[in-house]
Amino acid sequence: MNSEIYRETILEHYANPVNAGDIPDADATARDFNPSCGDVVEIQAKFSDGIVKDIKFRGEGCAISQSSVDILLGIVKNKTIAEVENFTTEDFLEILGIELSPLRLKCALLGLNTLKTAVHTYLTRV
Amino acid sequence: MNSEIYRETILEHYANPVNAGDIPDADATARDFNPSCGDVVEIQAKFSDGIVKDIKFRGEGCAISQSSVDILLGIVKNKTIAEVENFTTEDFLEILGIELSPLRLKCALLGLNTLKTAVHTYLTRV
Amino acid sequence: MSLNAEKFREDFPIFKRKINNRPLAFLDSASTSQKPQQVIDAIKDYYEQHNANPHRSIYTLCDEATQIYEKAREKVAKFINAKSDKEIIFVRNTNEAMNILAYSYAMENLKEGDEILLTIMEHHANIVPWQMLQKRGVKLKFVDINDDGTLNLNQLNEMITKNTKIVSVTHKSNVLGTVNNVKEIGRIAHDNESIFIVDGAQAVPNMPVDVKDLDCDFLAFSGHKMLGPMNIGVLYGKSDILEKMEPFMRGSDMIKEVQLTETVWNDLPWKFEAGTPNVEGAVGLSAAIDYLSKVGLSEIQKHEEELSVYAMEKLNEIKGFKPVFNGTLKNGVISFNMVGTHSHDVAYILDEFAVAIRSGHMCCQPLMRRLGMQSIARASFYLYNTKEEIDTLAEGLEKVNQVFKV
Amino acid sequence: MSLNAEKFREDFPIFKRKINNRPLAFLDSASTSQKPQQVIDAIKDYYEQHNANPHRSIYTLCDEATQIYEKAREKVAKFINAKSDKEIIFVRNTNEAMNILAYSYAMENLKEGDEILLTIMEHHANIVPWQMLQKRGVKLKFVDINDDGTLNLNQLNEMITKNTKIVSVTHKSNVLGTVNNVKEIGRIAHDNESIFIVDGAQAVPNMPVDVKDLDCDFLAFSGHKMLGPMNIGVLYGKSDILEKMEPFMRGSDMIKEVQLTETVWNDLPWKFEAGTPNVEGAVGLSAAIDYLSKVGLSEIQKHEEELSVYAMEKLNEIKGFKPVFNGTLKNGVISFNMVGTHSHDVAYILDEFAVAIRSGHMCCQPLMRRLGMQSIARASFYLYNTKEEIDTLAEGLEKVNQVFKV
Ligand SMILES: Cc1ncc(COP(=O)(O)O)c(C=O)c1O
Ligand SMILES: Cc1ncc(COP(=O)(O)O)c(C=O)c1O
């Protein structure tokens, strides 16, 4: 049934995101949209010694897109850049552990795509 | 049967048009194409005292388009401009007396449309 | 009810489909409509009996395909009461029609300092093409809405100036349901010697539209929103303006004679139709018009109004249901949000009940910003919808509240 | 024969049709092909089971329509061996694809003094769009043909200059049947740093085409010539070039974010697809590709060659039969004239025998002038054609001679 994807954790991260906010002196910022629904995510990250020191997001959108990015940032914080680069869609979906229809998949992956862009932006600049 | 439209008169006018040629001091010239097949007709006409004094054509195309314009010019020569203006598609098709499919109709009427343009050109100029 | 939706539903094969073991409640016809058997059969019959490339040769099939294509054009002309079928250009959809006008009318005729007057309720199809003109110094101006979701006509009167060369307005809003007084707007535009364009994508499927009565210069609409196939639409234009316009798409069929470096354009309407035409689409649109005409556009409009009244009554009882406007507009479009739940999640949970609604920005981001919303849920009704489906919608919204603990 | 055309014919409902009491001998597939039941059923199934506006919401039907649409894109990508489905833009037909390139590539990148190199055998679709560039001082140059109907590659080598920014060539001529060595032409173009465009309208339906092997920058083709529905076609483009291009059609779906005065474009390929997409067309094209792949493009090519050889033998016996070239090219296209009879009259009399051929200028007026002809008759073959149909064609041509007393 569709509504089963709204697990307690999802709803909790949606209602009370732990990684929402700004990083004033961020090393990299990336922003992406889901063109079909208008969901938006902006990620700001701070790196040092090849490690994700701090990472936050701002966004507007559905429970899936917003809770996913919140969960995602929790995972990657304090990981090495290499680990983030090797972190795949499949890895992330396994952690989320909910079954998603193809269009909902886009919601869930908006944050991950934006994260990859942020890292890429950082790497091509340093 | 299709080939019945190729009456003796049609084939005769196609093989030996009587109104083909140029009028060096023509009062009006008009040229039109059938876009689908490339058939082309150019009509030159000389008027005086409101009468079609002389009228000739040049053209390239199928037996229907070329014989039709030749027959048409024979009909309108020496007629008054008013008579030509009142000469309808129906009048002409009745004289032709052959049954035409819609696309062949375009062939048969290429000359008549060009003639109307020539008369119109003349009238708007004098 | 005046219109027997149950009877019409039988003509639409897709309603035999079950989703999550429930009958499909398709409340998204403002996005695209479903197709009756008559339209599907018309397409099938065309390919099984008459298919050929029209205009190009003179064998029987080619003759038939040409007649079928041009008869469909005549049918469209009659349907919107155009003066002549020369004024009917077959396009892909409303978006393409607007692009023809932006490229072939505006880019050729407007210059720095000129203005295009739009409204804040326009669909992206009637905004983004015009933005192209900005790079040559043409200014876009947007008339606002009133607090009840109607267009602010006073403001329109104030904003129109001697520099306003084009006024382009939607006949009916796909978000608000607002039906604009396009006849009055057209009068204002013409008094100002502006070209007047109507986006008919939402109006033509749902109410009688008469271009002579409206006296618009152009009208654009899409077949797929009015029971017809995808990828066929119409640009109506007054022939004297179309005659003077440059073609848009260039290539075969839109020419009379091609030389290496110059070309004589074909007559109207073919001047604007390049390449192999979409006979199939025209056939399908023609069958759709037959269907709509038999039901009656006024009947459809009335039916949608009845459903809107019923829905507002029913939905207003649900906790957290917030319509975009307080339901003063009853035109078959109900845009709303559920407090505490994003529209996307609303749509997703409704799918469990086989209820299909649109969620997101509705291709109207400027309007969304004006409304202070990022996203919206929309239920829209058509001739095949019933009160039972609205009951199911209500049931689904209760579940939304339950899942999101509202 | 290697390919069992009789068996394939059974899949095409239109061949049940009789014209003048004779079975239809459709020898005009180079204009448009007939459709197998599989394609017609795919369209029907889409509308009866899955129809929705893709990309826009998240209910089941919308999800399905989106998957169906994007899967069709993947299928096309594989069919022509593109690197990624991002490189596949769904268009209306080959004409539109060329217009995208003329408006969004050439108008943005070419300037006075630049040149576009075409050939004299191009279809209007690959000539007329480029003429637009002339008004900004871009020059069009046309490579000639040799006496045997092949392209004059020496001349191409001579005509290409540092100013040649675009080389656009048909893979296969719709009049001559010539298959150009586009791989070699591409090499020449790229050595010269020119963009290389291939008009694949005739090649893609009739022989294996591999964009990686050809290394073309763009390839355009039409679904309706390859068993697919009307109004779906493909523009393939290398993604790095497409990325840098401005969009063509503007409006909904091709955007990420719309502000009143500016807009963020969507990613590839959607940046080039404005408005409600043609899922139906994509579904039909996908079914057509399945059909063609099962038969095998090389098999089809061989079959057409066999029919060409047979036809030239048979037709050369007929008084007054004059092929445009002496039958050295056996690629399923036979263009000819009958001495003393205009091609239009030839086609008309053949219709009495239910033989459908094309007559006229073939949308190739510059080539016609080069050949010194005003009009031409053309028989073209596809997988469903048989030797018996060629016999009927011969019978019909005898009748032509009889009527016109040749
Ligand atoms: C070589 C060639 N290019 C382009 C076209 C145009 O195709 P369409 O009419 O589908 O745009 C054709 C079709 O006749 C063709 O043969
Ligand atoms: C008011 C309005 N205009 C234009 C469009 C665009 O229609 P299409 O996608 O068929 O081009 C729509 C469809 O959503 C609409 O509602």
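All chains are named by letter (A, B, ...) in the order of the sequence lines, taking the proteins before the strands, and each is independently numbered beginning at 1. Just so it is clear, the model here is predicted, and its values are computed rather than measured.
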Practice task
Give, as side chain, backbone, both or neither, the part of D/L24 having an atom under 4.5 angstrom from any heavy atom of chain C.
Solution key: side chain
Problem - Pair D/Q37, C/E48: side-chain N/O donor-acceptor within cut-off below 3.5 Å - result: yes
Exercise for the section: List for me each residue that meets side chain to side chain contact (heavy atoms under 4.5 Å, CB included) alongside D/S375, sequence neighbours excluded, and say none if there are none. Expected result: D/H342, D/S343
Fill in the blank from the handout: Of C/T276, C/V258, C/D351, C/I58, the largest count of non-hydrogen pairs under 4.5 angstrom with chain D goes to C/V258
Practice task
Would you check if C/V39 and D/Y47 make a side-chain contact, meaning some heavy-atom pair closer than 4.5 Å?
Solution key: no
Exercise for the section: Identify which part of D/R17 has an atom lying under 4.5 Å from any heavy atom of chain C, answering side chain, backbone, both or neither. Expected result: side chain
Handout entry: C/I14 and D/Y46, any side-chain heavy atoms less than 4.5 Å apart
Key = no
Exercise for the section: Return the option, out of D/M362, D/M230, D/E246, D/Q49, with the maximum number of heavy-atom pairs under 4.5 Å with chain C. Expected result: D/M230
Handout entry: Under 4.5 Å from any heavy atom of chain C - which part of D/H224
Key = side chain
Handout entry: Part of D/I120 lying under 4.5 Å from any heavy atom of chain C
Key = side chain
Handout entry: Residue among C/K16, C/E257, C/M368, C/E122 with most heavy-atom pairs under 4.5 Å to chain D
Key = C/E257
Practice task
Please flag which part of D/N93 lies under 4.5 Å from any non-hydrogen atom of chain C: side chain, backbone, both or neither.
Solution key: side chain
Fill in the blank from the handout: CG (D/N53) and SG (C/C363) are apart, to the nearest 0.5 Å, by 8.0 Å
Exercise for the section: Identify the heavy atoms of C/V355 and D/Y59 that sit nearest to each other, and give their distance. Expected result: O-CB, 4.5 Å
Problem - Which portion of D/I255 sits near chain C, non-hydrogen atoms under 4.5 angstrom - result: side chain
Practice task
Counting only heavy atoms closer than 4.5 Å, note whether D/F142 contacts chain C via side chain, backbone, both or neither.
Solution key: side chain
Practice task
Among C/L118, C/I100, C/T261, single out the residue with the greatest number of heavy-atom pairs under 4.5 Å to chain D.
Solution key: C/T261
Completion exercise
Applying a strict 4.5 Å limit to non-hydrogen atoms, the region of D/V279 in contact with chain C is both
Exercise for the section: Among the options C/S29, C/C62, C/S359, C/A102, pick out the one with the most heavy-atom pairs lying under 4.5 Å from chain D. Expected result: C/S359
Exercise for the section: Please look at D/P36 and chain C and tell me whether the side chain, the backbone, both or neither of the residue comes under 4.5 angstrom of a heavy atom of that chain. Expected result: neither
Practice task
Would you mind checking which part of D/E64 comes under 4.5 Å of any heavy atom in chain C, side chain (CB onward), backbone (N, CA, C, O), both or neither?
Solution key: side chain
Problem - D/I19 portion near chain C, given a 4.5 angstrom heavy-atom threshold - result: side chain
Problem - Side chain / backbone / both / neither for D/Y103 at chain C, heavy atoms under 4.5 Å - result: side chain
Completion exercise
Under 4.5 Å to a heavy atom of chain D? For C/Q259 that would be both
Completion exercise
Of the listed C/A52, C/P129, C/G360, the one with the largest count of heavy-atom pairs under 4.5 Å with chain D is C/P129
Problem - Partner chain D: residue of C/M98, C/M132, C/K139 with the largest heavy-atom pair count (under 4.5 Å) - result: C/M132
Handout entry: Side-chain donor-acceptor pair present, D/Q131, C/T263, cut-off under 3.5 Å
Key = yes
Problem - Closest heavy-atom pair and its distance - D/A347, C/S57 - result: CB-OG, 4.3 Å
Handout entry: Donor-acceptor pair between C/N95 and D/S252 side chains, under 3.5 angstrom
Key = yes
Exercise for the section: Return the minimal non-hydrogen interatomic distance between D/P366 and C/L260, and the atom names on each side. Expected result: CB-CD2, 3.5 Å
Exercise for the section: Measure distances from D/S33 to the heavy atoms of chain C and classify the residue's part below 4.5 Å as side chain, backbone, both or neither. Expected result: backbone
Practice task
Check the side chains of D/N231 and C/E280 for a donor-acceptor pair under 3.5 angstrom, ignoring hydrogens and angles.
Solution key: no
Handout entry: Pair D/F248 + C/F248: ring centers closer than 6.0 Å
Key = yes
Practice task
Calculate, to the nearest 0.5 Å, the distance between atoms CG and CD belonging to C/L140 and D/E262 respectively.
Solution key: 12.0 Å
Practice task
Please flag which part of D/H50 lies under 4.5 Å from any non-hydrogen atom of chain C: side chain, backbone, both or neither.
Solution key: both
